Trainee: 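Please read through the structure below; I'll follow up with questions.
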Amino acid sequence: MADKAMDNNQVTIVGTVDSEFTYSHEVFGEGFYMVEVEVKRLSNSEDRIPLMISERLIDVTQDYTGEYIMVHGQFRSYNRHEEQKNRLVLSVFVREIS
């Protein structure tokens, strides 16, 4: 089933890094960080896509703001509980970066 999810849930994004890395969480000693990437649309407007990336894939102490990157990964989602409401949060879990 995991193989089928990987076949169906793939995304490639090319854009400009638009924020610094912020710590998200740690799993088995591996730190994960969030960063936003600005992706231009054909209509000349921009989307800001949140990326979740492992510290093992990139040096999170460096400032990459303004640099173009290409990432391959998967969409991930979770519900953030805020007072009386749940809010769906989408991000791209990065598997490869260049």
Side-chain angles (χ1 to χ4, degrees):
M1 178 109 174
D3 293 334
K4 188 171 187 173
M6 187 57 186
D7 289 340
N8 293 328
N9 184 5
Q10 294 185 41
V11 62
T12 300
I13 293 177
V14 178
T16 307
V17 177
D18 200 38
S19 71
E20 294 182 5
F21 292 96
T22 57
Y23 179 78
S24 176
H25 65 282
E26 185 174 312
V27 177
F28 298 115
E30 183 177 3
F32 291 88
Y33 291 78
M34 298 297 294
V35 68
E36 289 193 345
V37 172
E38 184 177 277
V39 178
K40 294 207 184 266
R41 292 185 182 195
L42 292 176
S43 64
N44 288 330
S45 60
E46 299 90 18
D47 290 317
R48 290 172 54 96
I49 310 294
L51 305 180
M52 181 176 295
I53 188 164
S54 167
E55 64 188 357
R56 294 182 183 177
L57 293 178
I58 194 168
D59 182 3
V60 297
T61 62
Q62 297 291 320
D63 183 13
Y64 295 95
T65 305
E67 292 191 28
Y68 282 99
I69 62 169
M70 178 170 61
V71 298
H72 301 284
Q74 296 178 305
F75 277 109
R76 300 282 172 97
S77 65
Y78 68 93
N79 286 313
R80 183 181 331 173
H81 305 289
E82 297 176 347
E83 296 179 17
Q84 301 290 336
K85 297 191 268 183
N86 287 335
R87 175 177 218 152
L88 181 66
V89 178
L90 293 173
S91 63
V92 173
F93 183 81
V94 178
R95 296 203 177 257
E96 297 177 29
I97 186 167
S98 57

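As a basis for the values below, the full set of heavy atoms in this structure was taken, side chains included, without hydrogen atoms, waters or symmetry mates. Just so you know, these numbers come straight off a predicted model, no measurement behind them.
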Trainee: Nearest 0.5 Å, what's the CZ-NE2 distance between Arg87 and His81?
Mentor: 14.0 Å

Trainee: Would you indicate whether the side-chain heavy atoms of Tyr33 and Ile58 approach each other to under 4.5 Å?
Mentor: no

Trainee: A side-chain contact here means heavy atoms from C-beta on lying under 4.5 Å apart; do Glu20 and Asp63 qualify?
Mentor: yes

Trainee: Quick one, Val37 and Val71 - any side-chain contact, counting heavy atoms below 4.5 Å?
Mentor: no

Trainee: Do Tyr68 and Leu51 share a hydrophobic cluster (ILVMFWY, side-chain heavy atoms under 4.5 Å, transitive)?
Mentor: no

Trainee: Does some side-chain heavy atom of Val14 sit less than 4.5 Å from a side-chain heavy atom of Ile69?
Mentor: no

Trainee: State the CZ-CG distance between Phe32 and Leu57, to the nearest 0.5 angstrom.
Mentor: 8.5 Å

Trainee: Do Asn86 and Arg80 have side chains that get closer than 4.5 Å, going by heavy atoms?
Mentor: no

Trainee: Roughly how far apart are Ser91 OG and Arg76 CZ, rounded to 0.5 Å?
Mentor: 8.0 Å

Trainee: So, does Asp59 use its side chain to make a donor-acceptor pair with the main chain of Thr61 at under 3.5 Å?
Mentor: yes

Trainee: May I ask you to test the Arg95-His72 pair for a side-chain heavy-atom distance under 4.5 Å?
Mentor: no

Trainee: Should Thr12 and Met70 be marked as a side-chain contact (heavy atoms from CB on, under 4.5 Å) after you check the CA-CA gap, both sets of side-chain angles, and the distance that decides it?
Mentor: CA-CA 7 Å; Thr12 300; Met70 178 170 61; 4.0 Å; yes

Trainee: With hydrophobic residues grouped by side-chain heavy-atom distances under 4.5 Å, do Met34 and Val60 end up in a single group?
Mentor: no

Trainee: Measuring from atom OG of Ser24 to atom CD1 of Ile53, what distance do you get when rounded to the nearest 0.5 angstrom?
Mentor: 12.5 Å

Trainee: To the closest 0.5 Å, what do you measure between NZ (Lys40) and OG1 (Thr16)?
Mentor: 7.0 Å

Trainee: Do Thr22 and Val35 have side chains that get closer than 4.5 Å, going by heavy atoms?
Mentor: no

Trainee: Determine whether Arg56 and Glu30 satisfy the following criterion, side-chain contact (heavy atoms from CB on, under 4.5 Å), listing intermediate values before the conclusion.
Mentor: CA-CA 8 Å; Arg56 294 182 183 177; Glu30 183 177 3; 3.8 Å; yes

Trainee: If only atom types and distance count, is the side chain of Gln74 paired as donor or acceptor with the main-chain N or O of Phe93 below 3.5 Å?
Mentor: no

Trainee: Got a donor-acceptor contact below 3.5 angstrom from the Ser77 side chain to the Leu90 backbone?
Mentor: no

Trainee: Check Val27 against His25 and note the closest heavy-atom contact, atom names and distance.
Mentor: CG2-CD2, 3.5 Å

Trainee: Crowded around Tyr23 OH? As in, over 12 foreign heavy atoms under 6.0 Å?
Mentor: yes

Trainee: Tell me, yes or no, whether the heavy-atom count around Glu55 atom CD, taken from other residues, nucleotides or ligands under 6.0 Å, exceeds 12.
Mentor: yes

Trainee: Is there a side-chain contact between Val92 and Ile49 (heavy atoms, below 4.5 Å)?
Mentor: yes

Trainee: Under a single-linkage definition using a 4.5 Å side-chain heavy-atom cutoff for Ile, Leu, Val, Met, Phe, Trp and Tyr, are Met52 and Phe75 assigned to the same hydrophobic cluster?
Mentor: no

Trainee: In terms of hydrophobic clustering (I, L, V, M, F, W, Y; side-chain heavy atoms under 4.5 Å; direct or indirect links), are Val89 and Val11 co-clustered?
Mentor: no

Trainee: Atom CD of Gln62 and atom CD of Glu67: how far apart are they, to the nearest 0.5 Å?
Mentor: 9.0 Å

